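Each remark here refers to the structure printed beneath this line.
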There are 2 protein chains.
Amino acid sequence: MDPVQYTRDNLADKLRQHGVNPTHQRIEIAYALFSRQSHLSADQVMAIVNEKHSETSKATVYNTLNLFRQKKLVREVIVDPTKVFYDPNTEPHYHIYNVESGELTDIDASAVQISGLPELPGGVVAEGMDVVIRVRPE
Amino acid sequence: MDPVQYTRDNLADKLRQHGVNPTHQRIEIAYALFSRQSHLSADQVMAIVNEKHSETSKATVYNTLNLFRQKKLVREVIVDPTKVFYDPNTEPHYHIYNVESGELTDIDASAVQISGLPELPGGVVAEGMDVVIRVRPE
DNA sequence: GATAGGAATTGGACTCTGTCTAATTTCAAA
DNA sequence: TTTGAAATTAGACAGAGTCCAATTCCTATC
């Protein structure tokens, strides 16, 4: 599957495999997400990418994250009403969301069994299922 | 349980039962949500409540919806990255979300079985679980 | 009825996330 | 070297939601 260690080099390949032209900015944004393997908001991506020198604009960060989503390099996680998180893990999995701290943790989907879901209404196809366990400090 | 027909009168009682002082504006907002039994955004609530005469400000709509949520009269549904929906159904249930149309449909939770979820990390308690099936037109 | 005081409501300014646009820069191919 | 499409950019803009100080509304007490 994916390499153990993400480098700018193998990320460039990954982008190409998904039909994304690997520019400097796109590689840096991909590196921010994949090297951490964590859920980042556009804001956080922006801050990481511009840590050393300002090199990527807000517009590019948003353009790129939307492009990555379309090309299925990342997945959106919608749990916080104020911002979207981007998840570099595109394997089926679920989330634990701490509503106080905003912390987001993965749950492996392979162990989870869900049964008894109804038929979908006619004319639509499932795109995915999100499961979020909302928790708060005891 | 809840009355078959919601009236402004029995909604005032319902508010009181949840520790909410039933003012004119709060009753109208409750009526908008409960009489329709559908998922509304703050914007939609605002429009409904001010349909005939302008009688409730934006600040009050937001204040009231947040109060209703705290008092567990309604539940937030977070599926659309741009706005929160408020759901007058506080029984456990899940959702089908049409990402094209924005349409939100309930799934009865009692028929659904979910097993194999991991232990929660220490120091937190579950507040609820959201299940959203994202669909799009075929 | 009059008054007082806390609760609720209000307009409007403000913040924040995300989008849009027109101009500029980059880059690869010829 | 030229050229043209793709990518990036700054900054204006849009929409959801919050905040705050001022006003209005209720209710209890006299």
Side-chain angles (χ1 to χ4, degrees), chain A residues 8 11-12 15-16 18-33 39-50 53-71 73-87 99 102 104, chain B residues 8 11-12 15-16 18-33 39-50 53-71 73-87 99 102 104:
Chain A
R8 287 168 174 80
L11 280 171
L15 298 198
R16 272 185 218 102
H18 283 78
V20 172
N21 190 8
T23 64
H24 175 62
Q25 284 90 338
R26 288 172 179 173
I27 289 172
E28 288 306 310
I29 290 170
Y31 189 74
L33 283 160
H39 314 82
L40 301 177
S41 65
D43 226 39
Q44 292 174 311
V45 169
M46 179 92 177
I48 291 167
V49 164
N50 290 323
H53 329 284
S54 178
E55 48 187 13
T56 306
S57 71
K58 185 169 71 150
T60 297
V61 170
Y62 279 99
N63 287 345
T64 301
L65 290 172
N66 282 323
L67 178 68
F68 282 5
R69 177 183 39 101
Q70 280 165 38
K71 299 296 190 176
L73 275 157
V74 301
R75 161 178 165 181
E76 274 184 354
V77 184
I78 299 170
V79 288
D80 180 325
T82 71
K83 60 172 92 68
V84 172
F85 287 103
Y86 293 88
D87 187 343
V99 296
L104 199 50
Chain B
R8 285 167 176 81
L11 279 172
L15 297 199
R16 274 186 217 98
H18 283 78
V20 172
N21 190 8
T23 64
H24 176 62
Q25 284 89 338
R26 288 171 180 174
I27 289 172
E28 287 306 311
I29 290 170
Y31 189 73
L33 282 159
H39 314 82
L40 301 178
S41 64
D43 225 40
Q44 291 173 310
V45 169
M46 178 92 178
I48 291 167
V49 164
N50 290 324
H53 329 285
S54 178
E55 49 187 14
T56 308
S57 71
K58 185 170 73 151
T60 297
V61 170
Y62 279 98
N63 286 346
T64 301
L65 290 172
N66 282 323
L67 178 67
F68 283 6
R69 179 186 36 112
Q70 280 165 38
K71 301 296 190 176
L73 276 156
V74 302
R75 160 177 165 183
E76 274 183 356
V77 184
I78 299 170
V79 289
D80 179 326
T82 72
K83 61 171 91 67
V84 172
F85 288 103
Y86 292 87
D87 187 343
V99 296
L104 200 49

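Note on naming: letters A, B, ... go to the chains in the order of the sequence lines (proteins, then strands), and numbering restarts at 1 for each one. Please read these numbers as outputs of a predicted model, since none were measured by experiment.
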Can you tell me how far [atom2] of [N] sits from [atom1] of [X], to the nearest Å?
| X | N | atom1 | atom2 | value |
| --- | --- | --- | --- | --- |
| B:L65 | D:dA16 | CG | P | 14 Å |
| B:Q70 | C:dA8 | CD | P | 12 Å |
| B:Y62 | C:dT15 | OH | P | 17 Å |
| B:H53 | C:dT9 | NE2 | P | 18 Å |
| B:D80 | D:dG17 | CG | C1' | 14 Å |
| B:L67 | D:dT18 | CG | P | 13 Å |
| B:N50 | C:dT9 | CG | P | 13 Å |
| B:F68 | D:dG17 | CZ | P | 16 Å |

For D:dT8, take OP1 and OP2 only and decide whether either is under 4.0 Å from a side-chain N or O of A:T23. yes
>> For D:dT8 and A:T60 - does any side-chain N or O of the residue sit under 4.0 Å from the phosphate oxygens OP1/OP2?
In response: no
Protein-proximity profile, nucleotides 21-30 of chain C, B/S/- by nucleotide at the 4.0 Å heavy-atom cutoff, equals ----------
For B:A32 and B:I48 the tightest heavy-atom approach is CB-CG2, 3.8 Å
Here the pair of heavy atoms bringing A:L33 nearest to A:Y86 is CD2-O, 3.6 Å
Of the candidates C:dT10, D:dA16, C:dA7, the side chain of B:Q25 sits closest to C:dT10
Against the side chain of A:T64, the closest entry in C:dA7, C:dG18, D:dT8 is D:dT8
Would you say the side-chain atoms of A:Q44 pair up with the backbone N or O of A:S41, donor to acceptor, closer than 3.5 Å?
yes
> Are the side chain of A:R26 and the backbone of A:N21 linked by a donor-acceptor contact shorter than 3.5 Å?
Replying inline: yes
One should read off an interatomic distance between A:I27 CD1 and A:R8 CZ, to the nearest 0.5 angstrom, of 9.0 Å
Value for CD (B:E28) from CG (B:N50), rounded to nearest 0.5 Å, stands at 10.0 Å
inquiry  = Students often get this wrong, so: under 4.0 angstrom with heavy atoms, is A:S41 touching a base, only sugar-phosphate, or nothing?
reply    = nothing
Worksheet entry | Any A:F68 side-chain heavy atom under 4.5 Å of A:L15 side chain | yes
Check: Between the base of D:dG17 and the side chain of B:K58, is there any donor-acceptor pair under 3.5 Å?
Finding: yes
On DNA chain C, more 5' by nearest nucleotide between B:P81 and B:N21 is B:N21
